[in-house]
Student: 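If you scroll down you'll find the structure; I have some questions about it.
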Amino acid sequence: MKFPPQPTVGYAAAAFLAAGITFLYRVLLHVNPTTVALSFLVGVLAISATWGLRHAVLMAVIATLAFNYYFLPPTGSFTIADPQNWVALAAFLITAVVASKLSDRARREASNANDRRREVERLYSFSQQLLSSNNVPELLNLTPRYVVDSFGVEAAAISVANRPDVYRSGPGNDGLEIRDLQMAVMRGEPQIDIPGGVAFVPLRMGVRVVGGLGIAGQIPSRQTLEALGSLIAIAVERAGTIEKLGRAEAARESEQLRSALLDSVTHEFRTPLTSIKASVTTLLDSSGLGEAERHELLTVINEESDRLNRLVGEAAEMAQLEAEKVELRLESYPIRRVVEQVLEESKHILGNHPVEVHLPADLPEAKMDLVRINEVLRHLLENAAKYSAPGTPIHITAEAKNGMLVTSIADRGPGIDDFEQSLIFEKFYRGRNHRFQVQGTGMGLAIAKAIVEAHGGQIGVTSQPGHGSVFYFTLPTV
């Protein structure tokens, strides 16, 4: 079923309303001509507000003719006997036309205001979508689709000056050619072809043009197009700046890590070598040394050689773990067995630190290589003992959570700040404030991390400076 076009419906409504008012006051109600004229005037205003000026003028003419024919004496003809009625009729027609014109203007301005409000709302929603990504390629891939979804256009495409690709809203041929986008960049002005249904806008960042935007379909207003170009340019610059800041921050942290690792490695190798060199030099240059002094120097050489050997051994073990050349012998064991065994073997390491163990009786067993997990727990206990004040307790706890066995070792040491928490599991890294005060190779936590991850678990730390640290590792339960 086909409906008549809107203008025809408006003209029919104007004629029908004029006829209805005439019938009402001519047949059903009998009122004075002033009431009839005012009623016609109200009808003209209603048609103007609903349909527009042309429809209101048609009703004003029909109403004038009907008012003259049916309500001004002599009725039943278009003749006007009283000259005053000519004045009244002319005043009515002029008033109806002027009032309808003013009403039509108010209607158009209200419609324009609503259109502008909707465009502002769309621009705000669009700007919020642009903030969802801080990655330039991702943002450029998503923005054409955002334009299509926000403004109801058929297709959109973006070209950026420093990138060869054209980013489109869809895979089809949308008629937005790269040469037209490049022309918009070179000209620096919007190119709008409303009959052709395409528009090309420069992405302008102040006085600098960073790219071009093409739109196909129902073209928004020029002001909206320019606002779109500015918003996209700002979003691209913002994402690029965030990427640069991220790379600069990563480079800075990488340099800090490299310096810390180099410092730790240099210190760990140089200290025993210095002691060995000094002892050997003394033995060679001083022939009059007593037996006790010679024994002491040889003991230093022996201990520092062991220290160097341990450092090289841990480095070799770390290399094997990272290369996944260590074969794990996985069996089901209770964590209590590991804890008891390590505590028995680590009495000399723990010194005067009391160890408090809290292990629930119903803990499930975990899949582990007993020897390797023993090594993990030993490294963590040694770390806790080294960095805690003498006599402070160390707590060992465990719990089952989400199919994993979580074992924790808590100490009352100086704590670890947020920056170092991400570094302490790196090879050779040791705390900035303790690397020269506490002996160690800086490999224990790195080895523990590699072993735990080889078991399919995770290792981590929670800490607050001045309040101690809690190291934990997870293992899959049986």
Side-chain angles (χ1 to χ4, degrees), residues 259-321 326 338-355 370-394 396 409 411-414 424 426-448 450-451 471:
S259 299
L261 293 179
L262 182 60
D263 182 48
S264 295
V265 171
T266 302
H267 176 263
E268 291 306 320
F269 277 99
R270 181 175 293 173
T271 299
L273 286 173
T274 300
S275 299
I276 293 172
K277 179 64 176 178
S279 299
V280 170
T281 302
T282 302
L283 287 171
L284 292 175
D285 295 343
S286 302
S287 57
L289 291 176
E291 185 63 27
E293 294 170 329
R294 290 175 60 84
H295 183 269
E296 182 180 354
L297 291 173
L298 291 172
T299 301
V300 170
I301 294 173
N302 183 58
E303 291 177 349
E304 296 301 328
S305 298
D306 289 341
R307 183 177 173 185
L308 269 178
N309 185 58
R310 185 170 67 253
L311 179 62
V312 173
E314 289 180 345
E317 182 182 9
M318 188 71 231
Q320 290 179 339
L321 288 168
V326 175
V338 183
V339 172
E340 292 173 350
Q341 184 176 338
V342 172
L343 290 178
E344 183 64 28
E345 296 173 355
S346 304
K347 291 181 178 179
H348 64 288
I349 297 175
L350 297 172
N352 59 352
H353 290 281
V355 179
L370 188 61
V371 175
R372 294 294 182 180
I373 297 302
N374 183 303
E375 185 178 359
V376 170
L377 194 58
R378 186 171 65 252
H379 280 305
L380 294 179
L381 285 174
E382 181 180 1
N383 187 76
K386 282 182 179 180
Y387 292 95
S388 299
T392 55
I394 298 173
I396 301 177
I409 296 88
D411 60 53
R412 296 185 182 178
I424 57 175
E426 297 291 339
K427 297 186 294 291
F428 301 109
Y429 185 84
R430 299 176 63 204
R432 290 175 296 184
N433 300 326
H434 305 281
R435 64 184 60 162
F436 301 119
Q437 301 173 12
V438 180
Q439 289 189 351
T441 63
M443 293 289 290
L445 293 179
I447 292 173
I451 293 174
F471 286 84

Student: Would you give the length of the straight line joining atom CD1 of I276 to atom OG1 of T281, rounded to the nearest 0.5 angstrom?
Tutor: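 Between atom CD1 of I276 and atom OG1 of T281 there are 11.5 Å.
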Student: Quick one: pull up NE2 in H295 and CG in L298 and give me the separation to the nearest 0.5 Å.
Tutor: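 Atom-to-atom, H295:NE2 and L298:CG are 7.5 Å apart.
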Student: So, does H353 use its side chain to make a donor-acceptor pair with the main chain of A385 at under 3.5 Å?
Tutor: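 Checked: pair present.
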Student: For a 4.5 angstrom cut-off between non-hydrogen side-chain atoms, does E344 reach Q341?
Tutor: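 Answer no - side chains too far apart.
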Student: Any chance you could measure N383, atom CG, to L445, atom CG, to the nearest 0.5 Å?
Tutor: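 One finds 4.5 Å between CG of N383 and CG of L445.
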Student: Can you tell me how far the OG atom of S388 sits from the CG atom of D411, to the nearest 0.5 Å?
Tutor: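 The CG atom of D411 is 4.0 Å from OG of S388, to the nearest 0.5 Å.
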Student: For E293, enumerate each residue passing the side chain to side chain donor-acceptor pair (under 3.5 Å) test, keeping only those at least two apart in sequence or located in another chain.
Tutor: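 For E293, no residue satisfies side chain to side chain donor-acceptor pair (under 3.5 Å) once neighbours in sequence are set aside.
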Student: So how far is it from L377 CG to E345 CD, rounded to the nearest 0.5 Å?
Tutor: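 Between atom CG of L377 and atom CD of E345 there are 10.0 Å.
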Student: What distance do I396 atom CD1 and L381 atom CG have between them, rounded to the nearest 0.5 Å?
Tutor: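 I396 CD1 to L381 CG: 4.5 Å, rounded to 0.5 Å.
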Student: Could you walk me through whether I301 and L283 pass the side-chain contact (heavy atoms from CB on, under 4.5 Å) check?
Tutor: CA-CA 11 Å; I301 294 173; L283 287 171; 4.0 Å; yes
Student: Show the nearest heavy-atom pair for residues P354 and N352, with the distance to one decimal.
Tutor: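 Smallest heavy-atom distance, with atoms named: CD-O, 3.2 Å.
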Student: With sequence neighbours left out, write down each residue that passes side chain to side chain donor-acceptor pair (under 3.5 Å) with R378, or none if nothing qualifies.
Tutor: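 Counting only residues at least two positions away or on another chain, R378 forms a side chain to side chain donor-acceptor pair (under 3.5 Å) with N374.
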Student: With sequence neighbours left out, write down each residue that passes salt bridge (charged side-chain N to carboxylate O under 4.0 Å, His left out) with E291, or none if nothing qualifies.
Tutor: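 With neighbours one apart ignored, the set is empty.
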